[in-house]
Number of protein chains: 2
Amino acid sequence: MSKLDLFRFVPFRLNRLAAEVSSALSVEYQERYGLDIPEWRVLATLGFRVEPCSAQYIAHCTRTHKSTISRAVTALMERQLVERVENTHDRREFVLRMTRKGKTLYEQLIPRLLRREQEILSCLSAQERKDFAVLLGKIENSLDLVQTAKEAGAKEAY
Amino acid sequence: MSKLDLFRFVPFRLNRLAAEVSSALSVEYQERYGLDIPEWRVLATLGFRVEPCSAQYIAHCTRTHKSTISRAVTALMERQLVERVENTHDRREFVLRMTRKGKTLYEQLIPRLLRREQEILSCLSAQERKDFAVLLGKIENSLDLVQTAKEAGAKEAY
DNA sequence: TTTAGATGGTTGCAAGTGAGACTATCATAG
DNA sequence: CTATGATAGTCTCACTTGCAACCATCTAAA
């Protein structure tokens, strides 16, 4: 008679935790700035990278479906938070970057999100936070979650 | 100039990891048994508890919306994996339990899922797995994710 | 040069899901 | 007993999102 305790089952716990953490953060980007998760991911990727990048790159490294990213980019362009230019080397592709307005929003949003993250992790000591990050990293690596981001980056550098 | 590295940002990492782990597991319950996540959660809750319980209880402790659980229960009843009886003490509520057929499926499914979980965690040592569980637990606690399950259980026991 | 296949991006469609209205029932207070 | 509010469960609606078809463009090979 095999049994499974849902509350000790890591996949379930990850799901529940991710959902809860997401909803805690959405207060910031959703309610305050009217961004949904895909839109936030686009801004986050553009904001972190020095070089502008393509929608495909964002889709790859955030592991979000390209149609979802496409819609997010459209919405961000309508709000003039992001703009895009044709890539002269490859006219299928657009190069994306934040507008000044987008950067301003980004600058305001980031500290809030980092603060939220700290709040959520405040139940852990500094060492525990570090340990947690390492353990997450190991699991991510074994699932090839980091690999793809690097690949996409390497490829994008052409 | 504040920046945020998405790949070091715990909320994003949790989301991505949870999605990836879910999709790895869905091979088992989805493709093999045609169950979706809510349906699997219902079975998991019914299978673990000794006493049968209500849909509301499942919704509370799995943190799933009651309408989602309602639909899952309907689907499971149609497949005769779950049955329900009116609670004589409270005729608003139904008491749910697995049928023999449901139990058989459950018995077959559980070992597969546990094996998958072990595969996913196989990149961690025994001690690391333990640490990871503890850290998850601390975060869950601070977000009140465990509390609600216990409350629902206590209440259900009346 | 032409053709076949790959790739970046968009869009229509269908499935899943949360919010919230609704019904039926229960509990409590007057 | 009645009225009010809470609760269990269902249902409709709107929204999100993944899938897959599609178009344009690029690459490589014949």
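All chains are named by letter (A, B, ...) in the order of the sequence lines, taking the proteins before the strands, and each is independently numbered beginning at 1. Predicted model, so just to flag it, every value in this text is computed and none were measured. Side chains are part of it too, since the values below use all heavy atoms of this structure and drop only hydrogens, waters and symmetry mates.
For Ser22(A), the side chain to side chain donor-acceptor pair (under 3.5 Å) partners two or more places apart in sequence, or in a different chain, are Asn15(B).
Taking 3.5 Å as the limit, the base of dT7(D) and the side chain of Arg92(B) contain a donor-acceptor pair of atoms between them.
Between Leu35(A) and Gln30(A), the closest side-chain pair of non-hydrogen atoms is not below 4.5 Å. You'll find the side chain of Val27(A) reaches within 4.5 Å of the side chain of Arg116(A), heavy atoms only.
The backbone N or O of Arg41(B) sits less than 3.5 Å from a side-chain atom of Thr45(B), completing a donor-acceptor pair.
Between the P atom of dA6(D) and the CD atom of Gln56(B) lies a distance of 15 Å, rounded to the nearest Å. With rounding to whole Å, His89(B) atom NE2 is found 16 Å from dA8(D) atom P. Remark: P of dG8(C) and CZ of Arg84(A) are 15 Å apart, rounded to the nearest angstrom. Per the geometry, CD belonging to Glu93(B) stands 14 Å off C1' belonging to dA24(C), to the nearest Å. Residue Glu86(B) contributes atom CD, which lies 12 Å from atom P of dT10(D) at whole-angstrom precision. Distance, His60(B) NE2 to dG18(C) C1': 15 Å, rounded to whole Å. One can place CG of Asn87(A) at 15 Å from C1' of dT27(D), the figure rounded to the nearest angstrom. Going from atom CG of Leu96(B) over to atom C1' of dG9(D) covers 11 Å, rounded to whole Å.
The side-chain tip of Arg112(B) does not point at the ring of Tyr33(B) from less than 6.0 angstrom away and within 45° of straight on.
Applying side-chain contact (heavy atoms from CB on, under 4.5 Å) to Leu96(B) and the options Ile69(B), Val85(B), Leu46(B) leaves one that passes, Leu46(B). The side-chain contact (heavy atoms from CB on, under 4.5 Å) test with Leu76(A) singles out one residue from Thr99(A), Leu43(A), Leu105(A), and that residue is Leu43(A).
Look at Ser70(B) and you won't find any side-chain N or O under 4.0 angstrom from OP1 or OP2 of dG9(D).
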field: Base versus backbone protein contacts along nucleotides 15-21 of chain D [heavy-atom cut-off under 4.0 Å; B, S, -]
entry: --BBBB-
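Comparing atom distances between the Arg91(A) side chain and each of dC26(D), dG9(D), dG9(C) picks out dC26(D) as nearest.
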